[in-house]
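Notes follow the structure.
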Amino acid sequence: MSQDNTLALGRNEKWPSLWIGLAVCAAAMVGFALLGLNHQEGSGYGFLSLLPATAVITMAVLTRKTVESLLAGSLVGLLLIDPTDLVSPLADVTLKVMMDETIAWLILVCGMMGGLINLLARGGGVFSFGSVMTRLIRSRRGAMVSTVGLGLVVFIDDYLNSLAVSSSMKKITDTYKISREKLAYIVDSTAAPICILVPVSTWAVFFASLLEESGATDAGQGMSLYIQSIPYMMYGWAALLVVALVAFNRLPDLGAMKQAEARARAGQPIPDGWQDEAEQAPNRPVATWLSLLNFLLPMLVLVFASVYYEIDLLKGVLVALGFTMLLYSAQRLLSFTEQVEATLDGFKVMLHPLATVCAGFILKEVNDQLGMTSYIIDTVTPILTPALLPALIFLVMAAVVFSTASSWGVFVISLPIVVPLGMAMDVPMPLVVGALLSASAFGSHACFFSDSTVLSAQGAGCNTMDHALTQLPYALIGGALTLTALLIGGFWLT
């Protein structure tokens with residue numbers, strides 16, 4: 001990704017918005033610091049715990065800067081916790097996040113996925129796949145439907161879906177003048193939503209074990225409860241319905257997507273300021289079928305190795321990288337040095353999205369210290385009834401995930417609270433779990449700085465905030481359908 005001088009000058013027009021956002025956050029930080037001075041240890045932060053997330057969302061909308069907004073929100077929260085010392089708490093939180101096993105796993109997986117995709121591009125595999133698909137697909141609608149179909153097939157993990165599908169389909173969607181923002185939306189809509197609906201995915205494995213730990217079911221029965229809950233994971237079904245309507249041109253372009261699609265139809269599918277590395281044919285002439293196999297075989301190895309190692313994408317991508325290097329070496333397609341350089345260059349491309357995700361985890365850690373999740377749940381609990389419980393679970397937890405970008409982490413905190421509530425009110429546990437997973441998928445899909453949003457934008461080749469804003473109307477439609485279905489289910493089944 002690079003920018004020329006003209007594009008850089010054009011972006012200077014956004015500086016006024018940036019300064020406005022910084023001024024808003026600076027004023028907020030001063031005010032929150034003064035309020036924090038009155039905070040007594042153990043008294044709780046109450047509604048003040050919502051301020052960091054509010055600052056992040058406000059600044060992100062004003063400036064379209066994700067990392068800066070996340071860090072500003074984190075500083076607001078840290079000032080609330082201790083107005084007299086900012087440096088030490090910031091260093092402690094950052095170190096804690098960077099030493100977290102989940103963050104280490106994420107950095108390795110995403111970095112090596114970027115390396116694998118770049119290696120496939122340098123070897124000509126992505127180029128050949130795009131060329132073959134371009135000959136098979138004959139229309140804009142065909143390109144979008146094919147992208148949805150490929151997203152449904154790659155159901156093992158949302159990270160794999162976000163990066164692999166978008167990288168594979170860019171050439172085809174560019175050919176038919178489909179904006180990168182729409183590609184990112186289609187890919188993002190078949191990432192987390194499809195992963196929650198398929199029991200053979202990283203989401204299913206994680207949440208099944210979490211359900212057992214929280215007492216929602218007996219030991220060894222977590223996956224059984226998860227499968228029973230799939231029909232009630234309403235947002236997964238709603239998101240797939242909405243993206244299918246978009247792909248088949250049954251739902252018009254809405255909001256910011258109108259401008260993105262108008263630009264693409266005018267001949268510019270790639271947004272201003274974004275330039276992809278060229279997808280070149282192999283250095284040595286290779287038969288089309290063999291070059292296509294050079295793309296498909298590593299992808300198949302990636303999927304099957306991940307499944308073999310109990311849905312572990314890290315082990316899967318390690319096996320796929322080793323296989324690809326051996327495959328390319330046997331054909332003398334790229335030297336070992338060139339393969340290592342391609343892998344490292346792909347890792348470098350992922351640094352900015354990884355920085356965004358890490359900043360999101362820092363914000364989550366600050367929000368946890370402020371007790372934001374517990375405050376929101378405690379505030380809503382007095383108005384709960386059995387019929388309203390599923391819908392309120394969806395609304396509350398979706399808001400928490402949207403504010404923290406932690407589609408998995410917040411449920412470690414919330415499940416021990418929500419599960420006993422469902423049991424006490426005699427609400428069917430599959431309905432409760434369905435509402436929770438719907439909230440997780442919706443929050444991840446709609447959030448401006450969630451991992452799936454960031455990686456979908458990176459893979460498709462567009463700005464993260466542009467992707468978030470263009471897909472938001474469609475995510476809200478899916479959210480409204482989900483809320484309606486959960487209300488009906490709550491009154492029908494309780």
Side-chain angles (χ1 to χ4, degrees), residues 105-106 109-110 113-114 116-117 144-170 173 180-207 230 233-244 246-247 299 302-303 306 311 313 316-317 350 353-354 356-357 360 398 401-402 405-408 437-462 464 466-468 470-472 474-479 482:
W105 184 90
L106 186 150
V109 167
C110 294
M113 276 293 297
L116 176 62
I117 291 168
M144 290 189 288
V145 172
S146 298
T147 305
V148 173
L150 188 58
L152 295 178
V153 171
V154 185
F155 54 76
I156 295 296
D157 185 81
D158 52 335
Y159 292 174
L160 172 60
N161 193 313
S162 296
L163 292 171
V165 175
S166 54
S167 299
S168 304
M169 297 302 293
K170 279 190 288 190
T173 54
R180 292 292 181 85
E181 290 89 341
K182 179 164 279 190
L183 171 62
Y185 158 68
I186 293 173
V187 169
D188 207 352
S189 297
T190 54
I194 188 62
C195 283
I196 68 171
L197 298 177
V198 178
V200 187
S201 70
T202 50
W203 283 62
V205 171
F206 174 78
F207 279 101
I230 289 175
M233 296 177 190
M234 301 299 183
Y235 187 74
W237 301 112
L240 292 180
L241 171 63
V242 174
V243 76
V246 171
M299 297 305 292
L302 173 61
V303 172
S306 299
I311 321 296
L313 193 58
V317 73
M350 298 303 299
L354 284 173
T356 304
V357 174
V401 174
F402 181 88
S406 178
S407 53
W408 287 13
L437 267 294
S438 293
S440 185
F442 172 71
S444 176
H445 193 198
C447 179
F448 299 162
F449 44 90
S450 71
D451 44 12
S452 65
T453 299
V454 171
L455 294 177
S456 296
Q458 175 68 31
C462 65
T464 300
D466 290 341
H467 163 47
T470 49
Q471 85 167 357
L472 186 59
Y474 305 99
L476 291 176
I477 291 173
T482 301

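Positions are given from 1 along the sequence.
With rounding to the nearest 0.5 angstrom, the SG atom of Cys110 is 7.5 Å from the CH2 atom of Trp105. Here the CG-OG distance, from Leu116 to Ser167, works out to 9.5 Å after rounding to the nearest 0.5 Å. Note: Thr147 OG1 to Met169 CE = 3.5 Å, rounded to the nearest 0.5 Å. Note that the OH atom of Tyr185 and the OG1 atom of Thr453 stand 12.5 Å from one another [nearest 0.5 Å]. Between the OG atom of Ser189 and the CG atom of Leu241 there is a distance of 11.5 Å, given to the nearest 0.5 Å. Atom CD of Gln458 is separated from atom CG of Leu354 by 9.0 Å, given to the nearest 0.5 angstrom.
For the pair Met350 and Leu163, the minimum side-chain heavy-atom distance is below 4.5 Å. No side-chain heavy atom of Asp451 sits under 4.5 Å from any side-chain heavy atom of Thr356. Here the side chains of Ile186 and Thr173 are not in contact, with every heavy-atom distance at 4.5 Å or above. Proximity of Arg180 to Asp466: side-chain heavy atoms (C-beta onward) are nowhere separated by under 4.5 Å.
Every residue two or more places apart in sequence or in another chain that forms a side-chain contact (heavy atoms from CB on, under 4.5 Å) with Ser168 is listed here: Phe129, Leu150, Phe295. Shown here are the side-chain contact (heavy atoms from CB on, under 4.5 Å) partners of Ala238, two or more places apart in sequence or in another chain: Leu481, Thr482.
Counted by atom type alone, His445 and Ser452 present zero donor-acceptor pairs between their side chains at under 3.5 Å.
The two residues Ala164 and Met299 have their closest heavy-atom pair at CB-CE, 3.4 Å. The two residues Phe448 and Ala468 have their closest heavy-atom pair at CD2-CB, 3.6 Å. For Ala441 against Ile196, the heavy-atom pair with the smallest separation is CB-CD1, 3.8 Å. Closest of all the heavy-atom pairs between Trp203 and Cys195 is CD1-CB, 3.7 Å. Contact detail for Val243 and Val148: the closest heavy-atom pair is CG2-CG2, 4.2 Å. Minimum interatomic distance between Gly151 and Val165 (heavy atoms only, all atoms of both residues): CA-CG2, 4.1 Å.
Although no hydrogens or angles enter the test, the distance criterion places a donor-acceptor pair under 3.5 Å between the side chain of Trp237 and the main chain of Ile230. In this structure, Thr470 contributes its side chain and His467 its backbone to a donor-acceptor pair below 3.5 Å. Panel note: side chain Ser444, backbone Ser440; no donor-acceptor pair is recorded below 3.5 Å. In this structure, the side chain of Ser438 engages the main chain of Met234 through a donor-acceptor pair within 3.5 Å.
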